[in-house]
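Below is one structure, written out as structure tokens; the observations come after it.
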Amino acid sequence: MEFTVISSDPYSGARAGVIHTAHGAVSTPVFMPVGTAGTVKAVSHIELEREVKAGIILGNTYHLYLRPGTDILRKAGGLHRFSSWQYPILTDSGGYQVFSLADNRKITENGVIFHSHIDGSRHIFTPENVVDTQRIIGGDIMMALDECTPYPVEHDVAADSMHRTHRWLERGLMQYRNTTTLYGYHQAFFPIVQGSTYPDLRRLSASTIASRGLEGYAIGGLSVGEPVETMYEMIELVNSILPRDKPRYLMGVGTPANILESIALGVDMFDCVMPTRNGRNGMLFISEGIINIRNEKWKDDFSPVDPGGVSIYSTQYSKAYLRHLMVSREILGAQIASIHNLSFYTNLTREAGSRIMDGSFTSWKNIMVEKLKRRL
RNA sequence: GGGGAGAUACCAAAGCGGUCAACUGGGGCAGACUGUAAAUCUGCUGGCUGAUGCCUUCGGAGGUUCGAAUCCUUCUCUCCCCA
């Protein structure tokens, strides 16, 4: 994997670049739709390619390990072939499930013991076997097993957790280096910075991880409930330490405004379930702000979902029709909302990239952030 | 013509003397959602009120009772069965 910074914004930390992977090049800044269980919910790969124009999508180790399971994935020849997606894939390690499935797991030094949310069966995820599973899934970028700490958390708890994540990184890295791809192409391995909202921990975590000489670096444990300003402070601090010549991936973020602000702080890669999950629940991110399409006020608004949208799904269907579909719980409603939101997100990061290259990023970003936060 | 059942809030449907402004569903309205246990979850849904509280409601009218959606009389209307 190769990353090239093409242009840097003179007024902020923003940069535009390209990541070259075995399954193609990805322009950054990039938004990566989340496809947890081998599918970006409600969106086919055809629409993902043609309408969303997604350059790379996510898969999840925990979920894919449980279903369909590693035997099937190996027989299929990896997730690309299994799901018929020919572009890059990044797989999360299951570290987020340490946070989101906190009631079903136990953390030990060796790894995380999960009780399957599907059938209750017991499974242990170690830094090593999570690499093995990701080798089988075959993502272009694999993530180290980390512990996504909740917020708020005591300093000493956050420190213990962070140090464990660092120890797990060493073990995962060893496994990564002692194993090889199963399908004939390179897979990168990204470590994850933790440290909650404590500057000293974030600084230590970033410098520890930056010293590993890897192909990209992720920032985890944010957008878990902390004030947004605190999140930005942590990003800025971490990015001042992470290498400039490698991609920086802010995990799980966020709103359109969050993404633009984070691009300004030097983040290159994003993923978030918001455009899909919130979309399925009626929240639409459009050029003028945020709307809840289920609201009564849209019942006779026959204007396009987003007149400023780039996808035909945004411009062809009316708000009134989409509201009808959502209120009636029709499947098409979830599809249109998801495709619209995702195309909005990918277009936003794409435009950020072109603004960085032509030097207009910062002024544009400042206007857009205010606009995109508005509730209509 | 004879016999029987029933009328409760937007709809359906509990309740059968006080703890009922009235269970529960649906519908409606609004909110939440940030590396997806989510096409999920939460709240409100007679009026006024920040809360307490107050006022008007259970087909209509009248009555019994300290007190009625609940008991009695009567009227109106629905539905079912037998002719």
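Here is the naming used below: chain letters follow the sequence lines, and residue numbers restart at 1 for every chain.
Taking the six-membered ring for Trp and the full ring otherwise, A:His324 and A:Tyr317 have centroids separated by 6.0 Å or more.
Atom CD of A:Glu147 is separated from atom OG1 of A:Thr165 by 5.5 Å, given to the nearest 0.5 angstrom.
B:C41 and B:C33 have their C1' atoms separated by 9 Å, given to the nearest Å. B:A68 sits 39 Å from B:G1 when the P atoms are compared, rounded to a whole Å. B:C77 sits 41 Å from B:U42 when the C1' atoms are compared, rounded to a whole Å. B:G3 sits 35 Å from B:U57 when the C1' atoms are compared, rounded to a whole Å. Here the separation of B:G59 from B:U70, taken at their C1' atoms, is 15 Å to the nearest Å. With P as the reference atom, B:U64 and B:A14 are 31 Å apart, rounded to whole Å. If you take atom C1' in B:A22 and the same atom in B:C16, they sit 13 Å apart, rounded to whole Å.
Using N1 to N3 plus N6-O4 or O6-N4 for Watson-Crick, or N1-O2 and O6-N3 for G-U wobble, each under 3.5 Å, B:U19 pairs with nothing. Judged by Watson-Crick or G-U wobble contacts below 3.5 Å, the nucleotide B:A39 has no partner. As the counterpart of B:U34, no nucleotide is assigned, since no Watson-Crick or G-U wobble pattern has both distances under 3.5 Å. Across all strands shown, B:A12 pairs with B:U24; the Watson-Crick or G-U wobble distances both stay below 3.5 Å. Remark: B:C58 base-pairs with no nucleotide; criterion is Watson-Crick or G-U wobble with both hydrogen-bond distances under 3.5 Å. For B:A5, the paired base is B:U78 (Watson-Crick or G-U wobble, both distances below 3.5 Å).
Contact annotation: the side chain of A:Leu342 approaches that of A:Leu48 to within less than 4.5 Å [non-hydrogen atoms, C-beta and beyond]. Taking 4.5 Å as the limit, every side-chain heavy atom of A:Ile124 sits out of range of all side-chain heavy atoms of A:Lys106.
For the pair A:Phe190 CZ and B:G35 C1', the interatomic distance rounds to 13 Å; values are reported in whole Å. Taking atom CD1 of A:Ile235 as the reference point, atom C1' of B:U34 lies 12 Å away to the nearest angstrom. The separation between A:Asn341 atom CG and B:A39 atom P is 15 Å, rounded to whole Å. Rounded to whole angstrom, the span from the CE atom of A:Met274 across to the P atom of B:G35 amounts to 8 Å. Distance, A:Leu284 CG to B:C33 P: 16 Å, rounded to whole Å. In this structure, A:His63 atom NE2 and B:G35 atom P are separated by 11 Å, rounded to whole Å. Between the CD1 atom of A:Ile57 and the P atom of B:U36 there is a distance of 13 Å, rounded to whole Å. Rounded to an integer number of Å, the gap from CD of A:Gln134 to P of B:G35 is 17 Å.
RNA chain B lies under 4.0 Å from at least one heavy atom of each of the following residues of residues 81-109 of chain A: A:Asp92, A:Tyr96, A:Gln97, A:Ser100, A:Leu101, A:Asn104.
The only member of A:Glu47, A:Glu51, A:Lys53 that meets side-chain hydrogen bond (donor to acceptor under 3.5 Å, both in side chains) when paired with A:Ser311 is A:Glu51.
Within the 4.0 angstrom heavy-atom criterion, base atoms lie near A:Gln194. Contact annotation for A:Asn258: base contact, defined as any heavy-atom pair under 4.0 Å involving a base atom. Across all strands, A:Gly225 comes closer than 4.0 Å to no nucleic acid atom at all (heavy-atom distances). Among the protein residues, A:Ser116 comes within range of no part of the nucleic acid, since none of its heavy atoms lies under 4.0 Å from any strand. Using a 4.0 Å heavy-atom criterion, one finds that A:Val327 contacts the sugar-phosphate atoms exclusively.
In this structure, of B:A38, B:G35, B:U34, it is B:U34 that holds the atom nearest to the side chain of A:Val253. Counting only heavy atoms from C-beta on, A:Tyr249 has its side chain closest to B:G35 among B:A39, B:U34, B:G35.
The aromatic rings of A:His163 and A:His166 lie perpendicular to each other, with more than 60° between the two planes, well past the 30° mark. Classification of the A:Phe285-A:Phe344 ring pair by plane angle, with boundaries at 30° and 60°, yields parallel. Between A:Phe189 and A:Tyr176, the angle of the ring planes stays under 30°, which puts this pair in the parallel group of the 30/60° scheme. Ring geometry for A:Tyr185 against A:His80 counts as perpendicular: the plane angle is over 60°, on a 0 to 90° scale with 30° as the lower cut.
The side chain of A:Ser223 contributes no N or O atom lying less than 4.0 Å from OP1 or OP2 of B:U34.
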Are A:Thr149 and A:Val157 close enough, and set up right, to give a side-chain contact (heavy atoms from CB on, under 4.5 Å), and what steps lead you there? CA-CA 9 Å; A:Thr149 47; A:Val157 175; 6.0 Å; no
Please determine whether side-chain contact (heavy atoms from CB on, under 4.5 Å) holds for the pair A:Ile141 and A:Thr91, giving the CA-CA distance in whole Å, both sets of side-chain angles, and the decisive distance to 0.1 Å. CA-CA 6 Å; A:Ile141 300 171; A:Thr91 49; over 6 Å; no
Verdict with supporting geometry, A:Asn129 and A:Tyr65, side-chain hydrogen bond (donor to acceptor under 3.5 Å, both in side chains): CA-CA 11 Å; A:Asn129 71 20; A:Tyr65 162 88; over 6 Å; no
Show me the protein contacts with nucleotides 30-32 of chain B, counting only N or O atoms at under 3.5 Å.
residue: B:A30; atom: OP1; partner: A:Glu296; partner atom: N; Å: 3.4
residue: B:A30; atom: OP2; partner: A:Glu296; partner atom: N; Å: 3.0
residue: B:G31; atom: OP2; partner: A:Asn292; partner atom: ND2; Å: 3.3
residue: B:G31; atom: OP2; partner: A:Asn295; partner atom: OD1; Å: 3.4
residue: B:G31; atom: OP2; partner: A:Asn295; partner atom: ND2; Å: 3.1
residue: B:G31; atom: O6; partner: A:Arg294; partner atom: NH2; Å: 3.2

